[in-house]
K.L.:
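Would you mind keeping the following structure in view while I ask a few things?
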Amino acid sequence: MEHIVEVEEISIKVPWGHVAAKWWGSRQIRPIVMLHGWQDNAGTFDPLIPQLPRHLSYLAIDLPGHGQSSHLPHGMIYSNINYIYVLRLIYKQFNWDKISLAGHSMGAIISFLYAYSFGNECDMVVAIDALVPIPTMNHLVVDGYRNGLNEILISDERNIAGTEPPSYRYETTVEKLLGGTFSSYTRESLPYLLQRGIKASKFNPDKYFYIRDNRIKTRLNFFQMTKESWVEIASSITVPYCYIKALQCGFNTQWDYMDEILQTMKDSNPSFEVHGVDGDHHVHLTDPEKVSEIIGRFIELHRPVNIFSKL
C-alpha cells in the first residue's frame with residue numbers, strides 16, 4: 001500500500017496567538033485531527049501517520065501550552081475545556097461540515113468529551129490507550145487544590161517575568177523523558193517529541209529547556225466528575241468509535257467502573273469497537289505497526305475512498 005509522506009508545518013490563528021500543527025497530505029481533503037497526550041506534542045504521531053491510508057489527510061496539532069503552540073494568556077489555568085474550545089475554533093476556521101478525531105491518552109479523553117458535546121458534527125473517533133477521564137477521587141481533588149493552585153501561580157509568575165526554565169544537556173532531556181508518562185517511551189522514539197518540545201538556552205547554548213508551559217502539569221487541568229456522570233455521557237455517544245488498549249499499560253483499566261463504561265458503549269453504539277494490542281502506553285509512537293492496521297481498517301470503513309470530504 002502506498003502511504004502518505006508529504007507534510008507541511010502550519011500555524012492556525014487563535015485569539016491568544018496560534019496553534020502549531022503538521023498537515024500530512026492534501027490540504028484539499030478534510031483531515032483527521034490528531035490529538036497528542038499530556039505534555040507530548042504533534043511529533044508523537046510522526047511514526048504512525050505514514051502508515052495510515054493515503055486517501056485522507058491528517059492534521060496533528062500541538063495543543064495550547066504544548067510543543068510550538070502559543071501558551072494561554074498569563075493568569076489562565078489549562079483544562080480540557082480549553083482544548084475542546086480549540087477544536088471548535090479549528091472546526092469553524094476551516095468551515096468543515098464534520099470533524100474526525102484521533103487521540104492518544106489526554107487527546108483520546110478530549111475526543112471523548114468532544115464526541116459527547118458535538119456528536120452531530122463528529123463522524124469518527126479513534127482513541128489510543130484512554131477512553132474516559134480519571135473519576136473523582138477524594139485524595140486527588142484535595143491534593144490538587146492544596147498544591148496545584150500554588151504550582152500554577154509559581155509557573156505563571158515565571159512566565160510573566162520571562163525567566164528561562166532550567167536547561168539540560170540533550171542527553172539529560174532524553175533521560176528525564178524516559179522516566180516520564182508510565183515510563184512508556186523508548187530512547188529511539190524521543191527525538192520525535194524533542195524536535196518540537198525543547199529549545200536551546202540563550203545562556204548555555206549547549207543546553208536545552210522544555211518549551212511546554214509548566215502550568216499544564218497540575219492535575220487541576222483535568223475534569224473532576226463522578227463515575228456515574230462518565231457512564232451517562234458514554235451512553236449518549238453514538239459516533240463510530242474505535243478504542244485501542246495497550247495491554248502492557250495499566251492506565252484506564254485500574255478503575256472498577258471501566259467494565260461498565262465499555263459495556264455501556266457497546267450497548268448504546270453499534271459502531272463501537274474495542275481492540276487490545278501488545279505494547280505500552282505510547283505504543284503508537286514506539287510500535288506504530290501494532291495499531292496502524294486497526295486504525296486503517298476503521299478509517300476505510302467510516303471514511304472510505306469514495307466518500308472522502310473535500311474542504
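Note: hydrogens, waters and symmetry copies are ignored here, and every other heavy atom, side chains too, is used.
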K.L.:
Ion pair present between Arg27 and Glu6, side-chain N to carboxylate O less than 4.0 angstrom?
P.N.:
no
K.L.:
Looking only at non-hydrogen atoms, find the nearest pair between His55 and Arg303 and report the distance.
P.N.:
NE2-O, 2.6 Å
K.L.:
Report, as yes or no, whether the 6.0 Å neighbourhood of atom CZ on Phe298 holds more than 12 heavy atoms from other residues, nucleotides or ligands.
P.N.:
yes
K.L.:
Check whether any side-chain heavy atom of Met76 sits under 4.5 Å from a side-chain heavy atom of Asp156, and report yes or no.
P.N.:
no
K.L.:
Take atom CD in Glu232; do more than 12 heavy atoms of anything else shown fall under 6.0 Å from it?
P.N.:
no
K.L.:
Membership question, hydrophobic clusters at under 4.5 Å side-chain separation (ILVMFWY): are Leu149 and Ile154 in the same one?
P.N.:
no
K.L.:
Quick check against the 3.5 Å criterion: does Asn82 have a side-chain atom that pairs as donor or acceptor with the backbone of Ser79?
P.N.:
yes
K.L.:
Does Glu164 come within less than 4.0 Å of Lys207, counting only side-chain N to carboxylate O?
P.N.:
no
K.L.:
When you measure from the side chain of Asn214 to the backbone N and O of Ser155, does any donor-acceptor pair fall under 3.5 Å?
P.N.:
no
K.L.:
Checking Asp259 against Gln263: is there a side-chain donor and acceptor pair closer than 3.5 Å?
P.N.:
no
K.L.:
Checking Lys176 against Tyr168: charged group under 6.0 Å from the ring centre and within 45 degrees of the axis?
P.N.:
yes
K.L.:
May I ask you to test the Thr186-His282 pair for a side-chain heavy-atom distance under 4.5 Å?
P.N.:
no
K.L.:
So, does Ser100 use its side chain to make a donor-acceptor pair with the main chain of Met124 at under 3.5 Å?
P.N.:
no
K.L.:
Tell me the closest heavy-atom pair linking Ser69 and Pro64, and the distance in Å.
P.N.:
CB-CA, 4.2 Å
K.L.:
How close do Ala42 and Ala60 get, heavy atom to heavy atom, and via which atoms?
P.N.:
CB-O, 3.5 Å
K.L.:
Are the side chains of His36 and His284 in contact, using a 4.5 Å heavy-atom criterion?
P.N.:
no
K.L.:
Specify the closest pair of heavy atoms between Gln248 and Gly279, including all atoms of both residues, with the distance to one decimal.
P.N.:
OE1-N, 2.6 Å
K.L.:
Could you walk me through whether Tyr243 and Leu262 pass the side-chain contact (heavy atoms from CB on, under 4.5 Å) check?
P.N.:
CA-CA 10 Å; Tyr243 171 46; Leu262 289 172; 3.7 Å; yes
K.L.:
Nearest 0.5 Å, what's the CG-CG distance between Leu285 and Leu48?
P.N.:
9.5 Å
K.L.:
Heavy-atom distance under 4.5 Å between the side chains of Trp16 and His71, does that happen here?
P.N.:
no
K.L.:
In terms of side-chain geometry, is the basic nitrogen of Arg169 or Glu175 positioned less than 4.0 Å from the acidic oxygen of its partner?
P.N.:
no
K.L.:
Quick one: OG1 on Thr44 to CD on Gln39, what's the gap to the nearest 0.5 Å?
P.N.:
13.0 Å
K.L.:
With side chains defined as the heavy atoms from C-beta onward, is the minimum distance between Met265 and Tyr241 less than 4.5 Å?
P.N.:
yes
K.L.:
Would Ile77 and Leu153 show up in the same hydrophobic cluster when neighbours are defined by side-chain heavy atoms closer than 4.5 Å?
P.N.:
no
K.L.:
Would a distance-only check, ignoring hydrogens and angles, find a side-chain to backbone donor-acceptor pair under 3.5 Å from Asp280 to Tyr185?
P.N.:
no
K.L.:
Between Thr264 and Ala234, what is the shortest heavy-atom contact and its length?
P.N.:
CG2-C, 4.1 Å
K.L.:
State plainly whether the residues Asp129 and Lys245 are in salt-bridge range, i.e. N to O under 4.0 Å.
P.N.:
yes
K.L.:
Return the CG to OG distance between Asp62 and Ser11, rounded to the nearest 0.5 Å.
P.N.:
10.5 Å
K.L.:
Flag the pair Glu8 and Lys22 as a salt bridge only when some basic side-chain nitrogen lies within less than 4.0 angstrom of an acidic carboxylate oxygen.
P.N.:
no
K.L.:
Could you go through Met258 and Val132, starting from their C-alpha distance and side-chain angles, then the distance that decides it, and tell me whether this counts as side-chain contact (heavy atoms from CB on, under 4.5 Å)?
P.N.:
CA-CA 9 Å; Met258 274 306 298; Val132 297; 3.9 Å; yes
K.L.:
Report yes or no: do Tyr114 and Ile12 belong to one cluster of Ile/Leu/Val/Met/Phe/Trp/Tyr joined by side chain heavy-atom distances under 4.5 Å?
P.N.:
yes
K.L.:
Determine whether Glu289 and Asp287 make a side-chain contact, defined as any pair of heavy atoms from C-beta on separated by less than 4.5 Å.
P.N.:
yes
K.L.:
Is there a continuous path of hydrophobic side-chain contacts, each under 4.5 Å between heavy atoms, that joins Ile211 to Tyr208?
P.N.:
no
K.L.:
Any chance OH of Tyr85 has more than 12 other-residue heavy atoms, nucleotides or ligands included, within less than 6.0 Å?
P.N.:
no
K.L.:
Are Val283 and Asp278 side-chain neighbours, meaning at least one heavy-atom pair lies under 4.5 Å?
P.N.:
no
K.L.:
Donor-acceptor pair, distance only, cut-off 3.5 Å: does the side chain of Trp24 make one with the backbone of Asp46?
P.N.:
no
K.L.:
Give the intermediate values and the outcome of salt bridge (Lys or Arg N to Asp or Glu O under 4.0 Å) for residues Glu121 and Lys92.
P.N.:
CA-CA 11 Å; Glu121 298 170 359; Lys92 288 180 175 294; over 6 Å; no
K.L.:
In terms of hydrophobic clustering (I, L, V, M, F, W, Y; side-chain heavy atoms under 4.5 Å; direct or indirect links), are Phe209 and Ile198 co-clustered?
P.N.:
no
K.L.:
Kindly check if the number of other-residue, nucleotide or ligand heavy atoms within 6.0 Å of CG (Asn120) is above 12?
P.N.:
yes
K.L.:
Under a 3.5 Å cutoff, is there a donor and acceptor pairing between the side chains of His281 and Ser184?
P.N.:
no
K.L.:
Evaluate whether atom CD of Glu293 has more than 12 neighbouring non-hydrogen atoms of other residues, nucleotides or ligands under 6.0 angstrom away.
P.N.:
no
K.L.:
Just do the side-chain contact (heavy atoms from CB on, under 4.5 Å) check on Ile32 and Leu59 with the steps written out, would you?
P.N.:
CA-CA 6 Å; Ile32 295 178; Leu59 179 64; over 6 Å; no
K.L.:
Please check if the distance between the ring centroids of Trp23 and Phe94 is under 6.0 Å.
P.N.:
yes
K.L.:
Any non-hydrogen side-chain atom of Tyr192 less than 4.5 Å from a side-chain atom of Pro47?
P.N.:
yes
K.L.:
Got a second to check how far Glu151's CD is from Arg215's CZ, nearest 0.5 Å?
P.N.:
14.0 Å
K.L.:
For the CD1 atom of Ile299 and the OH atom of Tyr58, what is their distance to the nearest 0.5 Å?
P.N.:
4.0 Å
K.L.:
In Å and rounded to the nearest 0.5 Å, what is the CG to OG distance from Leu87 to Ser111?
P.N.:
7.0 Å
K.L.:
What closest approach, in Å, do Leu72 and Asp213 show between heavy atoms, and which atom pair accounts for it?
P.N.:
N-OD2, 4.5 Å
K.L.:
Answer yes or no: is there an ion pair linking Arg30 with Asp123, defined by an N-O contact shorter than 4.0 Å?
P.N.:
yes
K.L.:
Evaluate the side-chain contact (heavy atoms from CB on, under 4.5 Å) criterion for residues Ile61 and Ile90: first the C-alpha distance (whole Å), next the side-chain angles of each, then the deciding distance (0.1 Å), finally the verdict.
P.N.:
CA-CA 10 Å; Ile61 70 172; Ile90 293 173; 4.1 Å; yes
K.L.:
Could you tell me whether Glu171 and Arg187 make a salt bridge, using a distance below 4.0 angstrom between a side-chain N and a carboxylate O?
P.N.:
yes
